[in-house]
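The shown structure was predicted, so the numbers you read here are calculated from the model rather than taken from an experiment.
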Amino acid sequence: MKVLDVKKAQQCITLSEQLLELAQQGEWQQFEQMMQQRDKLITQLVAKDYPANEAGAVRHVIGRIKSFDSLTLPLAEAAKQQTLSDIRGESKKKKGVSAYKKARREY
């Protein structure tokens, strides 16, 4: 059994905090890159079996990450929905312009 890698755990928490900041700023490209980096670290952390005396520390790290994620994920979902709405709006505009041009040609 391994002991908790405190450095990696702290990196995950720090990255989670930075992800929240990026989401609040709408910096989605940087957000995506950092999310992949953080997810890789989390995968490395949870792939280990920890002794019972490490359970509290592991729970603390997971709790901190989940705390940041509970604020970050709604922002990301809202941005995603806005992007989808914008795309749909553009599609409707293009169809409208096309229909208008077609109607003008028929006159």
Margin query: Surrounding NZ of Lys80 (heavy atoms of other residues, nucleotides or ligands, distance under 6.0 Å), is the total greater than 12?
Written below: no

Check: Got more than 12 heavy atoms from elsewhere within 6.0 Å of CD, Gln29?
Finding: no

Testing the basics here: between [X] and [Y], what is the closest heavy-atom pair and its distance to 0.1 Å?
| X | Y | answer |
| --- | --- | --- |
| Leu19 | Met35 | CD2-N, 3.6 Å |
| Phe68 | Leu20 | CD2-CD2, 4.0 Å |
| Trp28 | Ala76 | CH2-CA, 3.5 Å |
| Leu45 | Ala9 | CD1-CA, 3.8 Å |

Find the distance between [atom1] ([X]) and [atom2] ([Y]) and round it off to the nearest 0.5 Å.
| X | Y | atom1 | atom2 | answer |
| --- | --- | --- | --- | --- |
| Asp5 | Lys48 | CG | NZ | 5.0 Å |
| Ile87 | Gln82 | CD1 | CD | 10.5 Å |
| Glu21 | Thr72 | CD | OG1 | 9.5 Å |

Item checked: Qualifying residue, where the test is side chain to side chain contact (heavy atoms under 4.5 Å, CB included) with Arg38 and the options are Thr43, Ile65, Thr14 -> Ile65

Checklist line | Stepwise side chain to side chain contact (heavy atoms under 4.5 Å, CB included) test for Ile13 and Glu17 | finding: CA-CA 6 Å; Ile13 293 169; Glu17 185 176 12; 5.7 Å; no

Next item on the list: Applying side-chain hydrogen bond (donor to acceptor under 3.5 Å, both in side chains), run through Arg64 and Ser16 and close with a yes or a no.
Entry: CA-CA 8 Å; Arg64 293 283 308 274; Ser16 296; over 6 Å; no

Item checked: Working for side-chain hydrogen bond (donor to acceptor under 3.5 Å, both in side chains), residues Gln33 and Gln37 -> CA-CA 6 Å; Gln33 292 169 351; Gln37 182 183 358; over 6 Å; no

Note to self: Before you tell me yes or no, could you show the steps for Gln81 and Leu84 under side chain to side chain contact (heavy atoms under 4.5 Å, CB included), namely the whole-Å CA-CA distance, both residues' side-chain angles and the distance that decides it to 0.1 Å?
What the structure shows: CA-CA 5 Å; Gln81 293 303 321; Leu84 290 173; 4.2 Å; yes

Item checked: side chain to side chain contact (heavy atoms under 4.5 Å, CB included) evaluation trace for Tyr50 with Leu4 -> CA-CA 7 Å; Tyr50 295 102; Leu4 180 64; 3.9 Å; yes

